Amino acid sequence: METESEPYVRLASLRQLHQVMADMNTARSLADTLQTVADGVVQALGYELACVNLVRPDGDLVVAAFAGNPAAEALITGRVGSRESWERRLAMGEHWGDLVFIPHTEGWVLDDDDVPQWYTDGPAPRFENEWHPSDRLFAPMYTPAAPGGGSCGELIGVLSVDRPRNGRHPGAWGREALQMYAFQAAIAISNARLRANMQRALVRLEREQQALRASEESFRQAFEYAPSGMAIAEMGGDQHGRILRTNDALCRLLGRPASAMRRYSFSDLVHPEDVSTLLRTSAEGGRAELRLGRRDGTYLWVSLRNSVVADAADGPRFLLTHVEDIEDRKRRELQLAHRASHDSLTGLPNSAELRARLSSRLCRRATHTGELESVDAAFGHPAFDAGGDGFDFRPVTQTFDGGYDHHVHAVTPESERDDGTKGLAVLFCDLDGFKSINDRFGHNAGDAVLIEVARRLSRAVRDGDTVARLGGDEFVVLADGLGRADAQDLAVRLRNEIIQPIRVDGRVMRVGGSFGIGWAHCGMTADEVLKSADERMYVEKRSRPKQHRRAG
């Protein structure tokens with residue numbers, strides 16, 4: 001009977017399969033396709049329950065569709081099973097072609113894994129091939145394989161089926177039908193995904209075009225009416241940096257009309273000392289602080305921020321430059337830096353600044369290799385130009401062999417006579433008679449005397465020499481390129497300047513000065529140099545009679 005009715009069963013099933021597959025391929029969305037796949041198992045393949053487990057982007061599988069039992073559907077739809085657990089299931093049991101059958105006698109080991117399931121227990125089978133409630137049958141779904149890529153492609157999901165209506169394990173035809181159905185379902189799901197991705201891409205493209213139009217209008221208004229300066233400049237080629245467009249705020253900031261701005265590039269407007277900073281910022285994008293020239297010839301400190309506007313086809317093409325006036329902030333910063341490095345009373349460099357300038361000229365020799373160790377690196381302080389109270393920073397850089405680029409080693413003149421050797425003289429000055437002025441006339445008078453002494457010392461030295469107040473009534477002069485005789489002459493000249501009468505509130509006051517001359521040379525630290533000059537000053541002070549230390 002079974003053999004006589006089998007052709008009729010196959011034909012009816014094929015008609016149902018044909019209809020189900022047609023429905024799968026005409027579903028309107030991915031969700032409809034998945035539900036149609038689950039429904040088709042129940043309608044055409046003779047199972048009471050079917051579940052579609054779909055691979056997510058992270059690799060785990062989610063129950064995406066269920067058919068045959070509303071209660072079970074509500075229980076497990078949307079739940080997730082790990083990829084590891086699924087791979088374990090697909091690797092065990094009996095393999096019927098691409099299908100995986102796990103009998104109830106083996107499946108108990110899977111009861112505690114994290115794969116969503118609705119299986120129940122039941123009595124032992126009464127006859128051979130009877131379906132047990134805890135039997136499991138899976139049909140993996142793979143994407144179509146690429147030419148030459150093997151029998152199957154990437155796993156996109158797994159069909160789980162249960163409760164055959166005839167109560168038996170599927171025969172050869174049933175297995176082949178389920179396997180063929182899973183293959184067609186994989187194609188339908190892949191196509192539905194492609195359609196969904198295309199629809200999302202079209203929607204996204206339309207939204208992006210709308211956003212682009214809105215963005216262009218917003219940019220135009222933001223550019224034109226921005227309270228701070230804005231410019232668009234060319235990037236690359238012979239016209240790199242040429243200004244194409246400016247807003248009113250930038251024109252007002254630099255005092256130049258828009259028509260004139262288009263004749264310039266930013267390199268034409270930047271201060272000569274800031275050209276390298278501008279070029280680095282233009283090449284890399286980012287932020288820099290530099291000075292731009294105004295129409296009246298003055299320079300203005302600005303914060304300049306570049307953004308590279310890229311073209312998908314040709315690469316970067318334009319620089320969008322935001323220019324903000326920071327003149328007031330820079331002035332405050334310079335004032336704060338000056339206060340930190342200069343004596344508040346006399347305006348001279350203070351003790352820390354003195355040590356930094358001295359350290360910047362010295363390097364310490366290593367005894368075992370002859371290499372040079374940067375002393376100023378230990379202080380973490382950049383080298384300064386030795387000129388007066390200026391802010392000309394000149395960092396000293398080290399080469400890889402341990403030396404300094406452009407560093408001339410400080411040496412000490414060897415003898416008292418002029419043998420042509422020039423060195424860095426450090427003159428340590430201590431005022432004579434200053435304490436009595438403070439005691440007799442008060443600290444205001446003492447401060448006035450210190451201010452005048454500082455002025456006279458600064459006036460008497462050369463441009464490029466440093467006069468610093470070490471603290472109290474102690475001053476230090478750094479004078480480079482002097483021989484021993486030159487240093488002695490300088491000390492005499494400075495002493496003569498100090499002893500001249502000083503008028504404070506109608507009173508005439510006098511102070512003297514004791515000088516010790518030390519020599520800075522590489523291999524010494526700044527403190528060692530100052531200590532040496534200080535000791536020589538005390539020797540000189542003790543060697544002169546008290547009445548000769550000041551003129552009166």
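Remember, predicted model here, so these are calculated numbers, not experimental data.
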Can you list the steps and then say if T36 with T33 is a side chain to side chain contact (heavy atoms under 4.5 Å, CB included)? CA-CA 5 Å; T36 302; T33 301; 5.6 Å; no

*Give the intermediate values and the outcome of salt bridge (Lys or Arg N to Asp or Glu O under 4.0 Å) for residues R89 and E84.*
CA-CA 9 Å; R89 289 179 175 229; E84 181 181 1; over 6 Å; no

| message | Test side chain to side chain contact (heavy atoms under 4.5 Å, CB included) on M230 and T321; report intermediate values, then the result. | response | CA-CA 6 Å; M230 301 284 287; T321 304; over 6 Å; no

**Prompt:** Could you go step by step and tell me if R339 and S344 meet the side-chain hydrogen bond (donor to acceptor under 3.5 Å, both in side chains) rule?
**Reply:** CA-CA 7 Å; R339 291 173 185 171; S344 60; over 6 Å; no

Stepwise side chain to side chain contact (heavy atoms under 4.5 Å, CB included) test for V161 and L49:
CA-CA 6 Å; V161 300; L49 297 175; over 6 Å; no

Checklist line | Stepwise side-chain hydrogen bond (donor to acceptor under 3.5 Å, both in side chains) test for N69 and W118 | finding: CA-CA 10 Å; N69 187 317; W118 62 88; over 6 Å; no

Assess whether side chain to side chain contact (heavy atoms under 4.5 Å, CB included) is satisfied between L290 and V275, documenting all intermediate values. CA-CA 9 Å; L290 43 76; V275 170; over 6 Å; no

Assess whether salt bridge (Lys or Arg N to Asp or Glu O under 4.0 Å) is satisfied between R331 and E327, documenting all intermediate values.
CA-CA 6 Å; R331 185 180 296 111; E327 182 70 19; 3.4 Å; yes

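Between L250 and L254 there is a side-chain heavy-atom pair separated by less than 4.5 Å. R213 has its side chain within reach of Q210: a pair of non-hydrogen atoms, C-beta onward, lies under 4.5 Å apart. Side-chain atoms of V100 and H95, non-hydrogen and from C-beta on, do get closer than 4.5 Å to each other. Between P140 and L155, some side-chain heavy-atom pair lies under the 4.5 Å cut-off. In this structure, the side chains of E87 and M92 stay at 4.5 Å or more apart for every pair of heavy atoms. The shortest side-chain heavy-atom distance between E94 and P103 falls under the 4.5 Å cut-off. Looking at heavy atoms from C-beta onward, Y299 lies out of side-chain contact with R294 at the 4.5 angstrom threshold. Using a 4.5 Å heavy-atom cutoff, the side chains of R88 and L110 are in contact.
Atom CZ of R295 has 12 or fewer neighbouring heavy atoms from other residues, nucleotides or ligands inside a 6.0 Å radius. In the displayed structure, E217 atom CD is contacted under 6.0 Å by more than 12 heavy atoms of other residues, nucleotides or ligands.
Nearest heavy atom pair, residue L54 against residue L34, reads CD2-CD1, 3.9 Å. Taking every heavy atom of both residues into account, E48 and V42 meet most closely at O-CG2, 3.8 Å. Between P164 and W131 the shortest heavy-atom distance is CD-CD2, 3.3 Å. Of all the heavy atoms in M261 and C251, the pair that sits closest is CG-SG, 4.2 Å. Minimum interatomic distance between L45 and A177 (heavy atoms only, all atoms of both residues): CD2-CB, 4.0 Å. Nearest heavy-atom pair, R56 versus V80, reported as atom, atom and distance to 0.1 Å: NH1-CG2, 3.6 Å.
By the 4.0 Å N-to-carboxylate-O rule, D527 lies close enough to R355 to be salt-bridged with it. Comment: R245 engages E224 in a salt bridge, judged by a side-chain N to carboxylate O separation of less than 4.0 angstrom. Between E333 and K330 a salt bridge is recorded (basic side-chain N to carboxylate O distance below 4.0 Å). Using a 4.0 Å cut-off between a side-chain N of Lys or Arg and a carboxylate O of Asp or Glu, E273 and R291 qualify as a salt bridge. Using a 4.0 Å cut-off between a side-chain N of Lys or Arg and a carboxylate O of Asp or Glu, D60 and R83 do not qualify as a salt bridge.
Legend: residues meeting side chain to side chain contact (heavy atoms under 4.5 Å, CB included) with D39, ordered by chain and number and at least two apart, are Q35, Q43, A67.
Using a 30° and 60° split on the angle between ring planes, F138 and W86 fall in the perpendicular class, above 60°. Ring pair H132/H104 is parallel by interplanar angle, where below 30° counts as parallel and above 60° as perpendicular.
For residues 257-268, the set of pairs meeting the side-chain hydrogen bond (donor to acceptor under 3.5 Å, both in side chains) definition, not counting sequence neighbours, comprises R256-Y264, S265-S267, S265-D268.
The CZ atom of R195 lies 11.0 Å from the CG atom of N197; values are rounded to the nearest 0.5 Å. Between the CD1 atom of I102 and the OG atom of S134 there is a distance of 11.5 Å, given to the nearest 0.5 Å. Interatomic distance, L137 CG to L99 CG, rounded to the nearest 0.5 Å: 5.5 Å. Going from atom OG of S160 over to atom CZ of R136 covers 9.5 Å, rounded to the nearest 0.5 Å. Expressed to the nearest 0.5 Å, how far CZ of F266 lies from CG of N306 amounts to 7.5 Å. We find the OG1-CG distance between T246 and L253 to be 11.5 Å, quoted to the nearest 0.5 Å.
A distance-only check finds no donor-acceptor pair linking the side chain of T77 to the backbone of A74 [under 3.5 Å]. Of the possible polar contacts, none joining the H338 side chain to the L334 backbone as a donor-acceptor pair under 3.5 Å is found. No donor-acceptor distance shorter than 3.5 angstrom exists from the side chain of S85 to the backbone of G81, with no hydrogens or angles considered. Side-chain N or O atoms of N247 include one that pairs as donor or acceptor with a backbone N or O of F223 at under 3.5 Å. A donor-acceptor distance shorter than 3.5 angstrom exists from the side chain of T143 to the backbone of E154, with no hydrogens or angles considered. The backbone N or O of V158 lies less than 3.5 Å from a partner atom in the side chain of N53, making a donor-acceptor pair. Formation of a donor-acceptor pair under 3.5 Å by the Q179 side chain with backbone atoms of D98 is found in this model.
Geometric assessment of R165 against the ring of Y47 yields a negative cation-pi assignment under the 6.0 Å and 45° thresholds.
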